*Asks:* 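Can you keep this structure in mind? I'll have questions shortly.
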Number of protein chains: 2
Amino acid sequence: MKPKPTDAELEILNILWQDEPKTVREVHDLLKAKAVGYTTILKQLQVMKEKGLVKRDESKRSHSYYSLISQEQAQITMLDHILDKVFNGSKSALFMRALSAKPSSKEELAEIKALLENMELG
Amino acid sequence: MKPKPTDAELEILNILWQDEPKTVREVHDLLKAKAVGYTTILKQLQVMKEKGLVKRDESKRSHSYYSLISQEQAQITMLDHILDKVFNGSKSALFMRALSAKPSSKEELAEIKALLENMELG
DNA sequence: ATTAAACTACGATGACAATCGTTGACAAAC
DNA sequence: GTTTGTCAACGATTGTCATCGTAGTTTAAT
């Protein structure tokens with residue numbers, strides 16, 4: 001099983017998920033709002049490679065990085081984690097919080113309702 | 001704003017939320033399955049006090065600890081966090097994952113549906 | 001009062017996360 | 001072909017998390 005990515009790792013993964021592959025420089029440019037050094041990104045990608053979260057294409061001059069964990073996997077991993085840690089495994093409690101925390105848009109409510117309809121057919 | 005509790009801190013908070021206040025020894029006894037030392041729990045509670053996650057009643061011989069963050073707050077904090085980090089702020093994406101990840105029981109589906117009904121009235 | 005038990009405080013450690021600077025290799029430009 | 005700039009590797013640093021051992025303090029029992 002893939003490890004749970006750290007917050008900084010997730011920021012990088014989000015960039016990769018959006019458009020792969022990317023070089024260190026490209027990731028760094030996209031994260032420049034964070035004002036973090038080039039070598040920091042490089043190191044983070046190296047660590048992530050160690051963990052099996054990304055792979056590297058070294059055929060070119062600038063190495064390119066691909067994610068090895070999908071956004072779906074990461075989402076499920078994160079959800080399972082907080083479900084276990086703060087919601088005592090109660091999915092409905094999680095839904096309640098998600099629904100009441102910040103008001104959802106009508107569109108979102110409609111989407112969610114549609115999901116539920118499909119669910120009940122199964 | 002309260003900081004996001006760490007995993008170990010959440011284990012302790014879960015115990016406090018269930019029944020407050022508790023002494024170090026009481027928390028330790030309840031966590032003995034984890035085989036962690038008494039002083040570890042003590043230290044953790046001290047750190048949590050520094051962070052403002054708990055408060056301490058020192059009037060008695062054995063100090064008693066109270067949570068200063070509610071389970072609700074913690075749940076919302078955690079949800080907001082992963083919503084931001086892995087779901088790009090899309091609540092419906094979160095719902096989709098939560099619904100499809102592990103099968104929900106019929107009871108849970110019913111509960112969630114009821115929540116939605118109430119929601120739409122507002 | 002003296003001691004034994006229970007409890008807290010403090011410091012230390014090892015692991016991991018996040019950050020950066022320096023060095024050395026390579027390639028492009030002159 | 002020498003210089004200049006770009007890039008990855010590596011090591012070092014700082015901070016946080018999780019854990020524990022020791023020392024000191026307070027209560028209670030003798």
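The shown structure was predicted, so the numbers you read here are calculated from the model rather than taken from an experiment.
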*Asks:* B:K4 has an atom NZ; how far is it from atom C1' of D:dT16, in whole Å?
*Replies:* 12 Å
*Asks:* For A:D57 and A:S59, test the side chains for any donor-to-acceptor distance below 3.5 angstrom and give the result as yes or no.
*Replies:* yes
*Asks:* Between B:K55 and B:Y66, is NZ or CZ placed under 6.0 angstrom from the six-membered ring centre and within 45° of the ring axis?
*Replies:* yes
*Asks:* Atom NZ of A:K43 and atom P of D:dT13: how far apart are they, to the nearest Å?
*Replies:* 14 Å
*Asks:* Which nucleotide wins on minimum distance to the side chain of B:T6, given the candidates C:dC20, D:dA18, D:dT19?
*Replies:* D:dA18
*Asks:* What integer distance in Å separates A:L31:CG from C:dC20:P?
*Replies:* 12 Å
*Asks:* For B:Q18, does the CD atom sit with more than 12 other heavy atoms under 6.0 Å from it, leaving out its own atoms?
*Replies:* no
*Asks:* To the nearest Å, give me how far apart CG (A:L10) and C1' (C:dA17) are.
*Replies:* 13 Å
*Asks:* Under 4.0 Å from OP1 or OP2 of C:dC7: is there any side-chain N or O of B:R25 that close?
*Replies:* yes
*Asks:* Think A:Q44 has a side-chain N or O under 4.0 angstrom from the OP1 or OP2 of C:dA17?
*Replies:* no
*Asks:* Go through it in stages, so that I can follow the logic: the residues are A:L13 and A:V54, the test is side chain to side chain contact (heavy atoms under 4.5 Å, CB included), and I'd like the CA-CA distance, side-chain angles, deciding distance and then a yes or no.
*Replies:* CA-CA 9 Å; A:L13 282 174; A:V54 300; 4.2 Å; yes
*Asks:* Side-chain contact, heavy-atom cut-off 4.5 Å: A:V24 with A:H63?
*Replies:* no
*Asks:* Does C:dA18 have OP1 or OP2 sitting under 4.0 Å from an N or O in the side chain of A:T40?
*Replies:* no
*Asks:* So, is B:T39 near the phosphate of D:dT19, with a side-chain N or O under 4.0 Å from OP1 or OP2?
*Replies:* no
*Asks:* In whole angstroms, how far is the P atom of D:dC7 from the CG atom of A:L45?
*Replies:* 14 Å
*Asks:* Please report, rounded to the nearest Å, how far the C1' atom of D:dC7 is from the CD atom of A:E26.
*Replies:* 13 Å
*Asks:* Report yes if at least one side-chain N or O of B:Q46 is closer than 4.0 Å to OP1 or OP2 of C:dT8; otherwise report no.
*Replies:* no
*Asks:* Count I, L, V, M, F, W, Y as connected when their side-chain heavy atoms are under 4.5 Å apart, and connections chain through other members. Are A:Y38 and A:L31 then in the same cluster?
*Replies:* yes
*Asks:* Expressed as a whole number of angstroms, how long is the span from A:L42:CG to D:dT6:P?
*Replies:* 16 Å
*Asks:* From the options B:R56, B:R61, B:K60, select the one residue that forms a side-chain contact (heavy atoms from CB on, under 4.5 Å) with B:E58.
*Replies:* B:R56
*Asks:* Quick check on contacts: within residues 47-71 of chain A, what sits under 4.0 Å from DNA chain C by heavy-atom distance?
*Replies:* A:K51, A:R61
*Asks:* Just how far, in rounded Å, is P of D:dT19 from OH of B:Y38?
*Replies:* 16 Å
